Amino acid sequence: MTPTTQQLNDWDKQYVWHAFTQMACYEPLIIESAEGCELIDTAGRRLIDGVSSMWCNVHGHRHPTIDAAVTEQLGKVAHVTNLGCSNSTTIQLAKRLAELTPGDLDHTFFCSDGASALEVAIKLAFQYWHQCEKPQPQKTSYIGFEDAYHGDTIGTISVGGIDRFNAVFKPLMFPVERLPIPDRRLPTRAASCQHHLNTLEETLAQHHESIAAVVIEPLVLGAAGMIVQPEGYLRGVRDLTRKYNVLMIADEVAVGMGRTGTMFGCQQEDVVPDILCLGKGLTGGYLPMSAAIATTQIWNAYLGDYSDAKQLCHGHTFGGNPLSAAAAIATLDVFEQEDTLAQLPAKIERIKQQLSHLAEHPHVGDVRQYGMIAAVELVKNRETGEHFPWSERHGHQVCQFALQHGLWIRPLGDVIVIMPPLAVSIEQIDTMCRVISQAIDHVTLSKASLP
Ligand SMILES: *Cc1c(COP(=O)(O)O)cnc(C)c1O
């Protein structure tokens, strides 16, 4: 018998432990199906998927090309291990990625989650310095950034910098050199790029002999609140890491797969990292799959006789899963068939226009955007930049209002995130931005919270 919505609600609260959720005050939103850029809940209510089902979905839900590819793969085989074994679909995906990524990022290690791809990248960089032509095994540390997010495993929270998530786990984490968040607003817009590059160079000059890699989210620090880096910063990071002989790991789990307007974020500044990590949108947001893609220089350091023991001793059971690979290949096919990237400038411009009036709002401290990623930061006082007390959950209230008006979004604290599938229509962009504006007015102006 099909369970009722009420039963599902009860069971969800009792049996499912949701991510980043206080289960004692959790109210279920249960999605039954989806169509294009809309989610449909158990009551039949349609909601625009305003954050791409947590930054994953690319071409919309139930895209016929991706659905067909997964179905066809199901008719062959659902899973094959990649420990010393392969399958034709995953091989073809790896070749496509090698062709698509810039430079000689030609060698893909497949995993299932973003965090695992980052774990692989962290270990690849570490072991590389033991085995490269001029070994430097004393390179055992990393440079990371305040408020950076790379996943929730112990290695990725060590390199990441979000204290409010991780403070309790400090005793488990390894130390890294942590730099201030490279926010383009700090210390001033004009001085930002040079200022943050100087900080990096000082740290590299002092510590490069012990640093294996810089780990960075290119262009936009996602979970930090969609913080946009100054133009030219990423390019500068690449130049400095080369100058000081340190590897660069680009975490494109959020910004990859077209989200910034180019297929990969690094391409915006003509950068080729040593290791590129993809996740989230890699399968169009369909199935779990992530990738750590390494240059030939890294790859070569791992080659040798069996007895040299140079291989990477790391693996994930479902890495390279053929169903996921089929979805990923189809996702790349749709980019070509629908000329997805060419449609983006008009959508990016529309989001910019539609959000521009919010910049003057008495409770908006900042409106920022990079490509198809946008964010509106709520503040108590725009003159001083003072935030609302976090426990008042203004961001959450805005999203609750949006939910009642046909839009599903999830905030980062008091930062309202707008990150629809790339397939979103101009009309849907207009609706999203209108609802968000109304929601912000409703939450900040109607409650006598004016200064
Ligand atoms: C989401 C995210 C991750 C982690 O991916 P999971 O699949 O949740 O493990 C890593 N890095 C960035 C930049 C992300 O946005």
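In this text the structure is predicted, and so the values were computed from the model without any measurement. Atoms within a ligand are numbered from 1 in the order they appear, just like the ligands themselves.
- Here's the thing with Ala115: one of its N/O atoms is less than 3.5 angstrom from an N/O atom of ligand 1.
- Close N/O approach between Trp55 and ligand 1 is not found [any backbone or side-chain N/O within under 3.5 Å].
- By the 4.0 Å heavy-atom criterion, Leu118 is excluded from the residues contacting ligand 1.
- Side-chain atoms of Arg62 and Ser33 include no donor-acceptor pair closer than 3.5 Å.
- In terms of polar-atom proximity, Gly114 is counted as a contact of ligand 1, with an N or O under 3.5 Å from an N or O of the ligand.
- A salt bridge links Glu377 with Arg185: the closest approach of a Lys/Arg side-chain nitrogen to an acidic carboxylate oxygen falls below 4.0 angstrom.
- Close approach of ligand 1 to Ala254 is summarised as follows: ligand atoms under 4.0 Å from at least one heavy atom of the residue are 15 (O).
- Under 4.0 Å from ligand 1, the heavy atoms of Val253 that appear belong solely to its side chain.
- Listed by number with element, the atoms of ligand 1 under 4.0 Å from a non-hydrogen atom of Tyr149 are 1 (C), 2 (C), 3 (C), 11 (N), 12 (C), 13 (C), 14 (C).
- Listed by atom number, the atoms of ligand 1 under 4.0 Å from Gly151 heavy atoms are 4 (C), 10 (C).
- Counting protein heavy atoms only, atom 11 (N) of ligand 1 is closest to Asp251 OD2, 2.7 Å.
- When non-hydrogen atoms are compared, ligand 1 lies under 4.0 Å from the side chain of Glu217 (C-beta onward) but not from its backbone.
- Counting only heavy atoms, the protein never gets under 4.0 Å from atom 8 (O) of ligand 1.
- Between Lys280 and ligand 1, at least one N/O pair is under 3.5 Å apart.
- Side chains of Ser141 and Glu177: no donor on one and acceptor on the other come within 3.5 Å.
- Ring geometry for Phe335 versus His59: interplanar angle over 60°, hence perpendicular rather than tilted (30 to 60°).
- No donor-acceptor contact under 3.5 angstrom links the side chains of Asn198 and Glu202, judged on distance only.
- Ring-plane geometry between Phe318 and His79 is classed as tilted, the angle between the planes lying from 30 to 60 degrees on a 0 to 90 degree scale.
- Gln73 places no side-chain N or O within donor-acceptor distance of the main-chain N or O of Ala326, the cut-off being under 3.5 Å.
- Below 30°, between 30° and 60°, or above 60°: for Phe109 and His314 the angle between ring planes is above 60°, a perpendicular geometry.
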